[in-house]
There are 2 protein chains.
Amino acid sequence: MPGRVLGILSGDPHWRLHAGIRGRMATINDVARLAGVSISTVSYTLSGNRSIAESTRNRVVTAIQELGYRPNAGARMLAGTRTRIFALTAPVRPDTQAGVLMSFVLAVATAARKIDYDVLLLTADEASTGLERVTSSRLADGIIALDVSLDDERMSLLRALNIPATVIGVPADTEGLVCVDLDFERAAHLAVSRLADLGHRSIGLLGLPRITYDWGANYPLRFRDGFLGAVAERDIDAAMVMPASDMDSIRRGLDELFSTLPNMTALVMHAGESVQTTVLEILAARGISIPGQLSVISACAVFDTSEFTPPLDEIPLSAEDSGTRAVELTIRQINGDRTPHVDLLPPRYVERGSTGPAPIREP
Amino acid sequence: MPGRVLGILSGDPHWRLHAGIRGRMATINDVARLAGVSISTVSYTLSGNRSIAESTRNRVVTAIQELGYRPNAGARMLAGTRTRIFALTAPVRPDTQAGVLMSFVLAVATAARKIDYDVLLLTADEASTGLERVTSSRLADGIIALDVSLDDERMSLLRALNIPATVIGVPADTEGLVCVDLDFERAAHLAVSRLADLGHRSIGLLGLPRITYDWGANYPLRFRDGFLGAVAERDIDAAMVMPASDMDSIRRGLDELFSTLPNMTALVMHAGESVQTTVLEILAARGISIPGQLSVISACAVFDTSEFTPPLDEIPLSAEDSGTRAVELTIRQINGDRTPHVDLLPPRYVERGSTGPAPIREP
DNA sequence: CTGAAAGCGCTTACAG
DNA sequence: CTGAAAGCGCTTACAG
């Protein structure tokens with residue numbers, strides 16, 4: 001099958017610039033006439049769904065460029081089997097970090113564009129209605145759901161609607177769903193094993209605000225449980241604090257870690273950007289050197305920890321990876337493979353010099 | 001003209017739940033047959049574009065509900081003159097605050113849904129191509145451009161394409177464009193006049209990071225110039241600092257303000273959320289009481305300053321207001337009124353007790 | 001390798 | 001107040 005014709009219009013369609021939205025756009029008929037072929041030939045040239053003689057193909061492509069032709073989206077949706085649109089639902093809950101959400105939204109949109117799909121944004125107040133609306137009006141071919149909470153009303157609807165959909169995140173009940181997310185549990189194990197290998201026997205975990213664990217998404221729990229499991233397996237001393245975002249809480253959280261773990265030589269942070277920078281400021285103010293006295297790892301952050309002072313080793317939560325995979329999984333469903341499954345992306349470790357051998361304890 | 005029929009499906013379309021995306025959806029023909037009318041009557045019932053006998057209307061509505069009918073989006077786009085889709089361009093530049101951007105994206109989407117429009121998200125790497133693509137393929141009826149920089153490549157394209165478009169923000173050259181934004185200059189005047197009325201004669205401005213003024217959007221400049229103009233008019237002592245986001249810079253910035261303005265009794269902040277909370281923490285640590293010793297106003301923030309310690313008076317930058325207005329202005333253009341203009345939204349003052357009379361100076 | 005034609009599901013003059 | 005019908009611009013069997 002010959003490749004599809006893409007990017008034909010990268011030139012400079014003067015014609016179009018002066019047509020405006022009210023102006024009559026060139027149609028497939030105009031192209032066919034100018035190229036001296038039938039409209040089916042034009043259509044097949046564009047879709048690549050049947051072979052076209054080289055010379056014919058050239059005439060068509062030239063005509064398309066000359067006219068600045070773009071297929072009409074509505075006509076395509078109506079005549080074809082695809083709308084080439086994904087709907088993206090991104091509810092904003094009280095504890096949502098807007099910046100993190102935006103990263104995922106952009107990652108999904110960018111991944112979608114790579115396969116010539118567009119992304120339609122569903123708003124919070126339309127969480128469930130919107131899903132029903134865009135699919136039954138055939139506006140979207142599939143759905144990508146962000147920021148899934150443990151018990152999410154959208155999940156049962158996705159199951160019932162029985163349409164191509166991918167969830168970024170892992171709800172409590174994944175039955176019948178296609179989900180993708182970083183493997184937070186393995187990420188926690190990775191952090192602990194890295195530190196264990198360096199000889200650390202006493203590790204603190206500075207987590208997200210307590211409320212996030214009680215209610216909302218489940219990735220905080222998966223990370224926490226992974227961490228607790230990993231330290232238990234290795235017989236490492238550990239403690240966890242869940243401070244709010246203000247400086248006082250953070251300071252108290254650190255104090256608690258240091259007093260619970262007097263021999264603490266390593267700190268793992270699974271927390272927001274401002275919390276992490278605040279921690280580093282407090283440590284610096286106290287004259288605690290990294291990694292000399294304390295090894296520090298930032299885990300599952302979407303933001304960039306390479307510009308921190310000091311730059312931190314991290315196990316990134318890559319919005320790009322999740323978004324790309326979500327798009328792949330959705331397309332696969334659109335193409336007919338509706339097997340439900342949970343896809344946990346393997347964590348990776350990025351070294352930046354904020355971890356080192358555990359300091360030798362004075363007896 | 002009778003109202004359009006909306007929300008017919010708010011019930012529970014069992015039918016649809018079992019159809020799936022592959023299942024055959026009810027069409028306008030099915031509805032017409034069941035209601036015993038022609039398809040034009042169904043169409044007009046939905047659009048409200050001609051009057052329908054009450055009894056006919058009822059039969060149609062019942063049939064629609066019974067079948068769980070939703071008009072096919074592609075067919076509507078093709079047959080009608082509207083796609084009911086806005087394209088939203090939101091480029092992410094290095095200095096972009098993702099959270100702020102997300103607020104605007106959601107505000108636009110929410111406002112759009114209120115008039116039954118959907119929002120298609122254009123990605124950064126497609127800034128200009130995307131505009132051309134969605135309009136010439138007639139995917140979108142109009143464009144809303146976010147986060148406009150002073151010299152934005154998208155602006156000349158918007159002028160050339162000559163399509164319904166609204167810019168949120170004010171680029172350097174507004175010729176031929178429709179723009180909407182908070183009136184940052186008046187916002188600055190409002191802050192200063194409020195403080196002046198309370199007797200303050202020495203006011204500091206803590207602004208955004210310096211780089212934001214050198215490059216990027218122009219609202220920081222408009223606020224700064226408004227502030228400087230307002231204090232000049234009133235013969236008030238003033239100084240401005242533009243700290244980076246780390247604690248050291250903020251501390252140095254405050255020190256600079258206090259030393260430049262030894263009699264400073266009021267502080268206006270036009271800065272990010274974490275910067276503002278850090279400022280409050282530093283002031284608290286130094287035992288400076290608000291508003292006893294220092295009156296503080298947060299200006300043009302999209303985040304919520306009511307939960308700060310203490311809650312701050314603010315002149316909000318309302319994403320909702322801008323988004324709603326942008327949607328209105330775009331629809332107006334779609335409806336034929338293409339008059340270019342710049343719409344500056346009036347600022348409003350929200351009191352929360354962080355400003356008070358200027359303390360009387362000891363002689 | 002290519003064309004003529006049916007059909008996708010609506011909207012909107014046109015006619016009564 | 002309502003209906004029959006043209007037409008929007010594509011995709012895709014069907015035919016050769």
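Sequence lines set the chain letters: A, B, ... in the order given, protein chains first and strands last, and positions in each chain run from 1. Just so you know, these numbers use all the heavy atoms, side chains as well, and skip hydrogens, waters and symmetry mates.
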Whole angstrom value for the distance that separates P of C:dC10 from CZ of B:Arg84:
15 Å
Whole angstrom value for the distance that separates P of D:dC1 from CG of B:Asn58
14 Å
Let me know the distance between CE of B:Met77 and P of C:dC8, rounded to the nearest Å.
19 Å
Should stems be defined as at least three consecutive Watson-Crick or G-U pairs with both distances under 3.5 angstrom, which of them involve DNA chain D?
C:1-3 with D:14-16, C:5-12 with D:5-12, C:14-16 with D:1-3
Output yes when at least one side-chain N/O atom of A:Thr41 is less than 4.0 Å from OP1 or OP2 of C:dT2, else no.
no
Please tell me whether A:Thr330 and A:Thr166 have a donor and an acceptor in their side chains that are separated by less than 3.5 angstrom.
yes
Have a look at B:Ile64 and tell me which of B:Asp30, B:Leu34, B:Leu46, B:Ile28 forms a side-chain contact (heavy atoms from CB on, under 4.5 Å) with it.
B:Leu46
Output the single nucleotide from D:dG3, C:dT12, C:dT11 whose closest atom is nearest the side chain of B:Ile39.
C:dT11
When you check the phosphate oxygens OP1 and OP2 of C:dT11, does a side-chain N or O of B:Asn49 lie under 4.0 Å from one of them?
no
What's the verdict on salt bridge (charged side-chain N to carboxylate O under 4.0 Å, His left out) for A:Arg113 and B:Glu126, showing C-alpha distance, side-chain angles and the deciding distance?
CA-CA 9 Å; A:Arg113 281 307 305 146; B:Glu126 223 202 3; 3.1 Å; yes
For the pair made of CZ in A:Arg33 and P in C:dA4, what is the distance, rounded to whole Å?
13 Å
Of all the nucleotides listed (D:dC10, C:dT12, C:dC10), which has the minimum atom distance to the side chain of B:Thr81?
C:dT12
Respond yes when some side-chain nitrogen or oxygen of A:Arg50 is under 4.0 Å from OP1 or OP2 of C:dC1, and no when none is.
no
Using only side-chain N and O atoms of B:Ser40, determine if any of them is under 4.0 Å from OP1 or OP2 of D:dG3.
no
From CG of B:Asn29 across to C1' of D:dA5 the rounded distance in Å is 13 Å
So, do B:Leu177 and B:Pro171 sit near enough that their side-chain heavy atoms are less than 4.5 Å apart?
yes
A:Tyr44 side chain: which of D:dG7, D:dG3, D:dA13 is closest?
D:dA13
Where each residue is assigned the nucleotide of DNA chain D containing its nearest heavy atom, which of B:Val37 and B:Gly80 is assigned the position nearer the 5′ end?
B:Val37
Is any side-chain heavy atom of A:Asp321 closer than 4.5 Å to one of A:Arg325?
no
C:dG9 OP1/OP2 closer than 4.0 Å to side-chain N/O of B:Thr27:
no
Quick one: on DNA chain D, does B:Leu78 or B:Thr56 contact a more 5' nucleotide (nearest heavy atom)?
B:Thr56
Does CG in A:Asp151 sit with more than 12 non-hydrogen atoms of other residues, nucleotides or ligands closer than 6.0 Å?
no
Nearest-angstrom distance from the residue atom CG of A:Asn72 to P of C:dG9:
17 Å
In whole angstroms, the gap separating P of C:dG9 from CG of B:Leu46 amounts to 16 Å
Verify the distance criterion only: is there a donor paired with an acceptor across the side chains of A:Arg154 and A:Thr89 at less than 3.5 Å?
yes
Any B:Ser43 side-chain nitrogen or oxygen under 4.0 Å from OP1 or OP2 of C:dT11:
yes
Provide, to the nearest angstrom, the distance between the CE atom belonging to A:Met25 and the P atom belonging to D:dG7.
22 Å
Where the side chain of B:Ile28 is defined as all heavy atoms beyond and including C-beta, which of C:dC10, C:dC1, D:dT2 is the nearest nucleotide?
C:dC10
I want to check something: taking the side chain as every heavy atom from C-beta on, are B:Ile52 and B:Tyr44 in contact at a cut-off of under 4.5 Å?
yes
